[in-house]
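Note that the structure is a prediction, hence the values are computed from the model and not measured.
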Amino acid sequence: MAKEAESLQIRTFDELPSATGFASQIEPSNVPAVFAGCAKGWEALRKWNPRDGGLDYLQERAGPCTVEAMLSRSAPFFYGDLRSHERVPLPFSSFIGFCKQHMEKKEDDQSQCMESGERNSEGSEQDHVAPKQIYLAQVPIMNVENKGRAQLGVLLEDIQTPAFLDESLLASVNLWMNIAEARSSTHYDPHHNLLCIVNGTKEVVLWPPSASSLLYPMPLYGEASNHSSLTLGKPDLSLHPRAEHLMDHSQKVILKAGDALFIPEGWFHQVNSDNLSIAVNFWWQSNLMRSMSEHMDAYYLRRILRRLTDKEMDLMLPKPASAECKVHESDETLNGDADGDIHNMDKVFMDGDIKGKEVKLESAICHMKPSALQALHALVSLVHDRVNIPDPSQVQRPSWGNGSTACAEGAPKNRIIFHLEDDPVANILWNIEPRTLRTMLLYMAEKFPRTLEALMLHLLSPVGAEALTRKFDEIDAESSEEDRSKFYQIIYGALDDQFAAMDAILLGKESFAMQAFRNVLDKYLGVSIEDGPKLCAR
């Protein structure tokens with residue numbers, strides 16, 4: 001993900017793009033962009049300036065309007081989920097009055113009079129506590145769907161839609177205004193967003209949609225599904241371990257009056273605002289969302305979930321660290337009784353010479369690396385040590401779905417292994433070269449068919465089944481169609497019930513994919529399925 005973040009760097013434009021350039025190059029890239037001085041020509045920059053009579057102007061123009069204010073008891077933190085704040089009706093004139101009061105107190109503070117004034121004054125709680133806890137967030141200046149909801153529509157004449165935006169596509173224009181310093185919770189918007197600064201300074205931290213798993217998004221079914229569940233400041237890593245590297249994938253931009261920031265849909269962002277900061281933002285639906293037909297939603301949902309599940313499976317089964325498996329066995333173990341026939345192996349013809357004739361195994365030992373011999377011995381030993389089957393022909397299919405495991409001695413009961421590091425069998429299979437594994441399996445089919453059968457039926461965990469079949473894919477890629485057919489004939493032909501073995505492998509693979517799917521639901525949708533173990537790749 002770090003490489004992806006590097007390729008999604010925020011771009012800064014000193015000159016405003018044309019409408020064609022924005023629509024054809026900037027917007028489709030889905031990468032944030034800063035437009036320096038985008039709003040410098042607005043009347044609002046002069047008329048709304050708090051240090052030049054702007055508050056009086058706003059009070060006069062829109063004072064009678066009633067707005068919906070955000071009231072937070074955790075100021076300066078303003079969390080967007082409904083359980084962390086209240087929405088309270090408030091005359092806009094009252095809000096401007098709070099702004100004036102706070103501005104006067106800041107001036108008094110510079111004269112070292114504020115501290116004694118706060119201790120001695122006898123105003124109401126609203127006069128002294130509420131101003132810092134109130135934030136005007138997303139108050140409509142213009143709303144296409146509900147024109148009557150635009151409480152501050154009278155201010156529309158002071159701003160100007162940037163020429164590069166298609167005004168006909170706008171969904172809403174909103175005012176954002178805070179009295180004291182404020183920090184918004186991390187969230188994304190389901191629209192493209194152009195954030196324009198009218199007064200003050202804002203620091204915006206952004207994360208690409210691909211980093212959402214690090215932000216622990218709220219559950220999809222909740223009322224605040226577009227918000228992160230992380231606390232502002234330093235997250236509790238004991239509760240949210242993936243957040244440890246959160247800032248490594250972030251990008252930060254500082255905006256001043258007149259600047260604008262294009263925040264594409266789906267980009268998480270967290271905004272820090274200084275005192276009396278005022279901003280206006282434009283929202284519009286992306287071309288992609290406008291062009292999506294509802295009758296295709298179910299299909300796109302399945303495709304996206306499948307793609308994320310495949311990526312999660314790759315995270316759960318990382319690439320081998322080396323070309324050959326390094327099994328730490330002593331020389332005594334290597335020469336033990338379990339592999340008494342190993343030293344009589346013949347070479348398996350690995351260059352396509354597995355035709356209709358019988359495979360010979362007389363000198364393969366001379367062509368295998370010591371590490372491969374260790375792996376073969378370790379694999380045979382693991383089966384002999386862990387599987388206790390009086391009659392190997394009496395096989396039972398593992399039932400991953402109900403939480404049971406293969407009947408391996410020494411393994412914890414009712415524990416399904418999904419992690420490569422927890423499974424020595426999967427480790428051997430995954431870290432061995434395809435050609436070497438092919439030789440090993442052919443040898444086992446010839447010399448230890450019941451051991452091979454027990455391996456497939458009783459010792460393959462979900463991660464082991466996934467590792468084995470991926471190695472089969474690598475073997476297939478290196479073989480001709482005729483050789484592939486002969487290889488599987490030999491392997492499965494050595495088993496008493498090849499269909500039981502194939503079914504056991506398939507069930508293991510599906511269990512592994514199911515766990516990856518659960519991880520995807522948890523990481524990206526904030527949804528946990530409790531009817532099975534959970535192990536998220538980090």
Task: Test: E68 and R149 ion pair at under 4.0 Å - done: no
TODO: Would you name the heavy atoms of D422 and P424 that are closest together and state the gap between them?
DONE: O-CD, 3.8 Å
TODO: For F98 and I179, work out which heavy atoms get closest and say how close.
DONE: CB-CD1, 3.5 Å
Could you give the side-chain donor-acceptor pairs of residues 31-45 under 3.5 Å, partners two or more places apart or in another chain?
from : atom 1 : to   : atom 2 : distance (Å)
W42  : NE1    : Q160 : O      : 3.0
E43  : OE1    : R46  : NH2    : 2.5

Using a 3.5 Å cut-off and no angle test, enumerate the donor-acceptor pairs between side-chain atoms of residues 11-23 and protein atoms at least two apart in sequence or in another chain.
from : atom 1 : to  : atom 2 : distance (Å)
R11  : NH2    : S29 : OG     : 2.9
S18  : OG     : G21 : N      : 3.0

Open item on the list: Quick one, I96 and M177 - any side-chain contact, counting heavy atoms below 4.5 Å?
Closed with: yes
Task: Minimum heavy-atom distance between P89 and T66, given as atom pair plus value - done: CB-CG2, 4.1 Å
TODO: Kindly determine whether K523 and L308 satisfy side-chain contact (heavy atoms from CB on, under 4.5 Å), including the steps that lead there.
DONE: CA-CA 10 Å; K523 282 182 172 184; L308 288 173; over 6 Å; no
TODO: Please check if the side chain of Q151 supplies one atom and the backbone of I141 the other of a donor-acceptor pair under 3.5 Å.
DONE: no
- [ ] Taking atom CD of E474 as the centre, report whether more than 12 heavy atoms of other residues, nucleotides or ligands fall under 6.0 Å from it.
- [x] yes
Open item on the list: Which residue is it: N178, L90, V88? I am looking for the one with a side-chain contact (heavy atoms from CB on, under 4.5 Å) to I134.
Closed with: L90
Open item on the list: Between K100 and E104, does any NZ, NE, NH1 or NH2 come within less than 4.0 Å of an OD or OE carboxylate oxygen?
Closed with: no
Open item on the list: Please give me the minimum heavy-atom distance between L215 and F268, naming the atom from each residue.
Closed with: CD1-CG, 3.4 Å
Open item on the list: Taking L230's backbone N and O only, do any of them form a donor-acceptor pair with S228's side chain (distance below 3.5 Å, no angle check)?
Closed with: yes
Task: Spacing of CZ belonging to F78 relative to OG belonging to S72, to within rounding of 0.5 Å - done: 5.0 Å
Task: Minimal non-hydrogen separation, R242 against Y216, with atom names - done: N-OH, 2.8 Å
TODO: Specify the closest pair of heavy atoms between T161 and L165, including all atoms of both residues, with the distance to one decimal.
DONE: CG2-CB, 4.1 Å
Open item on the list: Tell me whether H191 contacts the main-chain N or O of N193 through its side chain, where contact means a donor paired with an acceptor under 3.5 Å.
Closed with: no
Task: Expected output: side-chain S511 to main-chain G508 donor-acceptor under 3.5 Å - done: no
- [ ] Nearest 0.5 Å please: distance from the CG atom of L169 over to the CH2 atom of W284.
- [x] 9.5 Å
Open item on the list: With heavy-atom distances below 4.5 Å as the criterion, would you say the side chains of L194 and L261 are in contact?
Closed with: no
Open item on the list: Counting only heavy atoms from other residues, nucleotides and ligands, does the tally under 6.0 Å from CZ of R307 exceed 12?
Closed with: no
- [ ] Using a 4.5 Å cut-off on heavy atoms from C-beta on, say whether the side chain of P235 contacts that of E244.
- [x] no
Task: Stepwise side-chain contact (heavy atoms from CB on, under 4.5 Å) test for N281 and W176 - done: CA-CA 8 Å; N281 83 310; W176 304 74; 2.8 Å; yes
Open item on the list: If we ignore hydrogens and angles and just use 3.5 Å, is the side chain of D522 paired with the main-chain N or O of R518 as donor and acceptor?
Closed with: no
Task: Heavy-atom check, side chain of P217 versus side chain of L525, under 4.5 Å - done: no
Open item on the list: Under a plain distance cut-off of 3.5 Å, with no hydrogens placed, do E145 and N143 share a side-chain donor-acceptor pair?
Closed with: no
Open item on the list: According to side chain to side chain contact (heavy atoms under 4.5 Å, CB included), who are the partners of S286, at least two apart in sequence or on a separate chain?
Closed with: H192, E265, L288, M289
Open item on the list: Any non-hydrogen side-chain atom of S74 less than 4.5 Å from a side-chain atom of Y79?
Closed with: yes
TODO: Run the salt-bridge test on D314 and R470 with the 4.0 Å N-O cut-off and return the result as yes or no.
DONE: yes
Task: By side chain to side chain contact (heavy atoms under 4.5 Å, CB included) - contacts of V144 (at least two apart) - done: M142
- [ ] Identify whether the distance between the nearest side-chain nitrogen and carboxylate oxygen of K47 and D56 falls below 4.0 Å.
- [x] no
TODO: Nearest 0.5 Å please: distance from the CE atom of M103 over to the CZ atom of R51.
DONE: 5.5 Å
Open item on the list: Can a donor-acceptor pair be found, under 3.5 Å and without considering hydrogens, that links the side chain of R61 to the backbone of V154?
Closed with: yes
Task: Side-chain heavy-atom pair W267, P208 within 4.5 angstrom cut-off - done: yes
Task: For T309, side chain to side chain contact (heavy atoms under 4.5 Å, CB included) partners two or more places apart - done: R306, M313, A516, F517, V520
Open item on the list: Checking the side chain of Q59 only, and the main-chain atoms of S93 only, is there a donor and an acceptor separated by less than 3.5 Å?
Closed with: yes
Open item on the list: Between K202 and S273, is the side chain to side chain donor-acceptor pair (under 3.5 Å) condition met? List the steps.
Closed with: CA-CA 5 Å; K202 287 184 181 288; S273 305; 2.6 Å; yes
Open item on the list: With salt bridge (Lys or Arg N to Asp or Glu O under 4.0 Å) as the rule and sequence neighbours excluded, what pairs involving residues 159-186 come up?
Closed with: none
Open item on the list: Applying side-chain contact (heavy atoms from CB on, under 4.5 Å) to Y57 and D158, what does each step give before you reach the verdict?
Closed with: CA-CA 11 Å; Y57 172 82; D158 293 337; 2.8 Å; yes
- [ ] Verify, without hydrogens or angle tests, whether H245 (side chain) and A243 (backbone) share a donor-acceptor contact under 3.5 angstrom.
- [x] no
Open item on the list: Do T201 and K256 pair up side chain to side chain, a donor and an acceptor below 3.5 Å, judged on atom types alone?
Closed with: no
Task: Distance in Å, E466 CD paired with L429 CG, rounded so as to fall on 0.5 Å steps - done: 12.0 Å
Task: Interatomic spacing from CD1 in I505 to CD in E510 - rounded to 0.5 Å - done: 12.5 Å
- [ ] Please round to the nearest 0.5 Å and tell me the distance separating atom CD1 of I197 and atom CG of D259.
- [x] 7.5 Å
Task: Check: K252 side chain, E203 main-chain N or O, donor-acceptor pair, under 3.5 Å - done: no
Open item on the list: Hydrogens and angles aside, do N199 and W48 bring a side-chain donor and acceptor to less than 3.5 Å of each other?
Closed with: no
Open item on the list: Using side-chain heavy atoms (C-beta onward) and a distance below 4.5 Å, is H269 in contact with T186?
Closed with: no
Task: Chi angles and distances behind the side-chain contact (heavy atoms from CB on, under 4.5 Å) call for L206, S250 - done: CA-CA 5 Å; L206 301 114; S250 68; over 6 Å; no
Task: Note, S212 side chain near W207 side chain (heavy atom, < 4.5 Å) - done: no
Open item on the list: One pair to check against side chain to side chain donor-acceptor pair (under 3.5 Å): W283 and N174. What are the steps and the verdict?
Closed with: CA-CA 8 Å; W283 270 340; N174 308 291; over 6 Å; no
